[in-house]
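Worksheet: the structure to be examined is printed underneath.
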Amino acid sequence: MSPKKNPKVNKAALAKATGERQPKTIVRPQGNDRKLIFSFQYVDRGYDGLWSWPRSDSGDAYEILTFLCEASQCTWGELMAQMTGQSHNRKKKHHAYPIKNVCAAAQARIVELRLDEVFEELFRFRISGERRLWGFRAEDVFHVLWWDAHHQVYPTDRN
């Protein structure tokens, strides 16, 4: 007597027939083709100084939220391709900086929070004028760290 073979079951068809919901498989693009995701895991709300988070009486909160909503609809590649400046002096709008290139106070704060153990370079988004959103990138996730309303984390001669 031969053993009975179990028929192969198409689980997706069975689930559809019985009305069960099946999780969808999400295929994620690679690298800069991924949509930007924001994380607030490392946000530095404890710092009160040159690049503190806005208080409720500030219009900055709305500007930040607007940027977060708009940027989260873009891929990293689309954001990295954005340029700023006059046609004769165009430069990347958003980019990375080595930790050693930011101001000494920012470097010290990174060490104090032990974030130098988490990332090697900062990334900043230029929101408008002097306003910058600082953090670091880990794959498609931007970990928000600081709001720099007056361009103090990486001061320039114009500041």
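Residues meeting the side-chain contact (heavy atoms from CB on, under 4.5 Å) test with Ala149, sequence neighbours left out: Asp60, Arg131, Trp147. Remark: Glu121 engages Ala96 in a side-chain contact (heavy atoms from CB on, under 4.5 Å) (not counting sequence neighbours). Trp51 is linked by a ring pair (Phe, Tyr, Trp, His ring centres under 6.0 Å) to Tyr47, Trp146, counting only residues two or more places apart in sequence or in another chain.
Expressed to the nearest 0.5 Å, how far NZ of Lys91 lies from CD of Gln86 amounts to 10.5 Å. Distance check: Met83 CE to Lys93 NZ gives 11.5 Å after rounding to the nearest 0.5 Å. Atom OG1 in Thr156 sits 7.5 Å away from atom CD in Glu130 (nearest 0.5 Å). From Asp44, atom CG reaches atom CZ of Arg109 across 4.0 Å, with rounding to the nearest 0.5 Å. Taking OG of Ser39 as the reference point, atom CZ of Arg137 lies at 14.0 Å (rounded to 0.5 Å). A distance of 8.5 Å separates CZ in Arg114 from CG in Asp116, rounded to the nearest 0.5 Å.
No donor-acceptor distance shorter than 3.5 angstrom exists from the side chain of Arg34 to the backbone of Leu36, with no hydrogens or angles considered.
Residues Leu113 and Val118 share a single hydrophobic cluster, defined by chaining ILVMFWY side chains whose heavy atoms lie under 4.5 Å apart. No chain of hydrophobic side-chain contacts below 4.5 Å, direct or via other Ile, Leu, Val, Met, Phe, Trp or Tyr residues, connects Phe40 to Val141. A continuous path of hydrophobic side-chain contacts links Ile99 to Leu50 [ILVMFWY only; heavy atoms under 4.5 Å]. Linking ILVMFWY side-chain heavy atoms closer than 4.5 Å, directly or via other members, places Leu68 and Phe142 in a single hydrophobic cluster.
A pairwise comparison of heavy atoms in Cys69 and Ser72 identifies O-OG, 2.9 Å as the closest pair. In this structure, Gln107 and Lys100 approach most closely via the heavy-atom pair NE2-O, 3.1 Å. Of all heavy-atom pairs between His94 and Phe67, the closest is CE1-CE1, 4.3 Å. The two atoms that bring Val102 and Tyr154 nearest to each other are CA-CD1, 4.3 Å, heavy atoms only. Of all heavy-atom pairs spanning Thr84 and Lys92, the tightest one is CG2-O, 4.2 Å. Scanning all heavy atoms of the two residues, the minimum distance from Pro155 to Cys103 falls at CD-CB, 4.1 Å.
In summary, the aromatic rings of Tyr42 and Phe119 are positioned with their centroids too far apart to meet the 6.0 Å limit. Taking the six-membered ring for Trp and the full ring otherwise, Trp134 and Tyr97 have centroids separated by under 6.0 Å.
No side-chain heavy atom of Asp140 sits under 4.5 Å from any side-chain heavy atom of Lys35. Considering only heavy atoms from C-beta on, Ile127 stays 4.5 Å or farther from Ile64 through its side chain. In this structure, the side chains of Leu145 and Leu115 come closer than 4.5 Å at one or more pairs of heavy atoms. Residues Phe125 and Leu79 meet the side-chain proximity criterion, which asks for heavy atoms closer than 4.5 Å.
Remark: Arg90 CZ is packed, more than 12 non-hydrogen atoms of other residues, nucleotides or ligands lying under 6.0 Å away. The number of heavy atoms from other shown groups lying within 6.0 Å of CD (Glu117) is above 12.
Checked against His143 for a ring-ring contact (aromatic ring centres under 6.0 Å, His included), the options Phe136, Phe38, Phe123 give a single hit: Phe136.
Judged purely by distance below 3.5 Å, without hydrogens or angles, the side chains of Arg124 and His95 pair a donor atom with an acceptor atom.
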